[in-house]
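Okay, so here's the structure we're looking at.
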Amino acid sequence: MDNTLKNYEIAKRIYKQFNIDTDKAINILKDVPISLNCWQLDDIKGFEKASYNLSGGISTTGNNKSAPSGIKEFKAFAREVIKDLPGKKKFNLHSIYLDSLNDVSRDQIKPEHFSSWVDFAKKLNIGLDFNATCFSHPNFKDGYTIAHNDPSVRKFWINHIKQCRKISEYFGKELGIRSIHNIWVPDGSKDETVDALYRRQLLKESLDEILKEKCNSKYMIDSVESKLFGIGSESYVVGSHDFYLNYVNNNKDKNLMLCMDMGHYHPTEKISDKISAMIPFHNELLIHVSRPIRWDSDHIVLFDDNTKDVMKEIVRANAINKVHIAIDSFDASVDRRKALKIGAENVIKALLYALLEPTEQLRKYERESDLTSRLELFEEIKTLPFGFVWEYYKKAFK
């Protein structure tokens, strides 16, 4: 480890002066799984036999020549990134990443179409998360899927999501690590909508039908993901934050949680502010860590204030065991493997940074209304040798 261990011991002593136990922080961090998004590796193309253009507000930009040539190279890239990251990992699949060239309609996909991914995960000792893919398909019509006014269109997507839930349950059962199945639909309107309620009633009815069949909560949990707007749905999104928040809160009997994506709110709205508002009412939450620039543009996650603020709020709320962390970005302008690795490292790094905050002392000052001491401590800890701790963790816990 060359000078890494020596530098860590120096940092450890300095942090101890602030009553911060670096060993304890590292021991917590190494057991927190970070879910890596598969779609960063190939610009959300997947492996369906039929090739469809991106739709549903989904767009990738850039022309870096680093995308994998097929599923074999895709898995090799994924394996390389996963092995190079410290701590626990999961791999997050969309349903279009089924075993290569299976000629099957999305509403007919089954667990056996993903068996090679189970083998992949077992070899790496990781879990698998899953997403229904309700975009980039001819049945994404008029901007709608499960909120479409045509019953046959709704039925197709309802059946697709039902099958995806079974696949997620299969992952959890086979791997012994609970799988998260996330439901995001792009349904919405480009321009002013007159009958917004009608579409939301259809969405509610579709979700009720989808979730009617119970899945084993030991193996999987569903989540629903909101959005403010997207390309082609600038004026109205059926599955808004308010809609899904109410849906989750009114379906406590279901194995269901809310997903908050950092890019799916107003540009000045931070989901770090929402975490403490959710924790008293939700047993679990899913966070999609992304980096929006002016809109939900899914840039590569940085070690920036927004990312650090989310992780600090998770730690401050003692919610590490309640909040699931997943990455959601796709950037075709840079090397795909490095993009995935850099984004994942920055999420892990931000969580370590949060765990090394003297939260209890800061909380004590705050409750005593000693805001001067709180401010002084906030500023002092900014220059602690965090980099030494990070380098040690990165090398010691691969």
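Quick note: numbers below take in every heavy atom, side chains included, and nothing from hydrogens, waters or symmetry partners.
- In this structure, Tyr144 and His148 have perpendicular ring planes: the angle between them is above 60°, well past the 30° mark.
- Ion pairing of Arg178 with Glu284 is present here, as a side-chain N (NZ or NE/NH1/NH2) and a carboxylate O approach within less than 4.0 Å.
- Judged by distance alone, the side chains of Thr4 and Asn7 never bring a donor and an acceptor atom under 3.5 Å apart.
- A salt bridge between Lys227 and Asp296 is present, with a side-chain N of the basic residue lying under 4.0 Å from a carboxylate O of the acidic one.
- For the pair Tyr52 and Phe135, the minimum side-chain heavy-atom distance is 4.5 Å or more.
- Aromatic pair Tyr170/Phe114: ring centres not closer than 6.0 Å.
- If you check the side chains of Tyr8 and Asp23, you find a donor sitting under 3.5 Å from an acceptor.
- Between Phe386 and Trp390, the ring-plane angle classifies as parallel under the 30° and 60° cut-offs.
- Ion pairing of Lys122 with Asp119 is absent here, as no side-chain N (NZ or NE/NH1/NH2) approaches a carboxylate O to less than 4.0 Å.
- Ring geometry for Phe47 versus Phe74: interplanar angle over 60°, hence perpendicular rather than tilted (30 to 60°).
- No salt bridge links Glu80 with Lys341; every basic N to acidic carboxylate O contact stays at or beyond 4.0 Å.
- For the pair Asp43 and Arg336, the salt-bridge criterion is met [side-chain N within less than 4.0 Å of a carboxylate O].
- Checked by atom type, the side-chain pair Asp150/Ser152 shows a donor-acceptor distance below 3.5 Å.
- Using modelled atom types and a 3.5 Å distance limit, the side chains of Asp328 and Trp39 yield a donor-acceptor pair.
- With a 6.0 Å cutoff to the six-membered ring centre and a 45° limit on the axis angle, Arg374 does not count as a cation-pi contact of Tyr365.
- Residues Asp298 and Asp331 fail the side-chain proximity criterion, which asks for heavy atoms closer than 4.5 Å.
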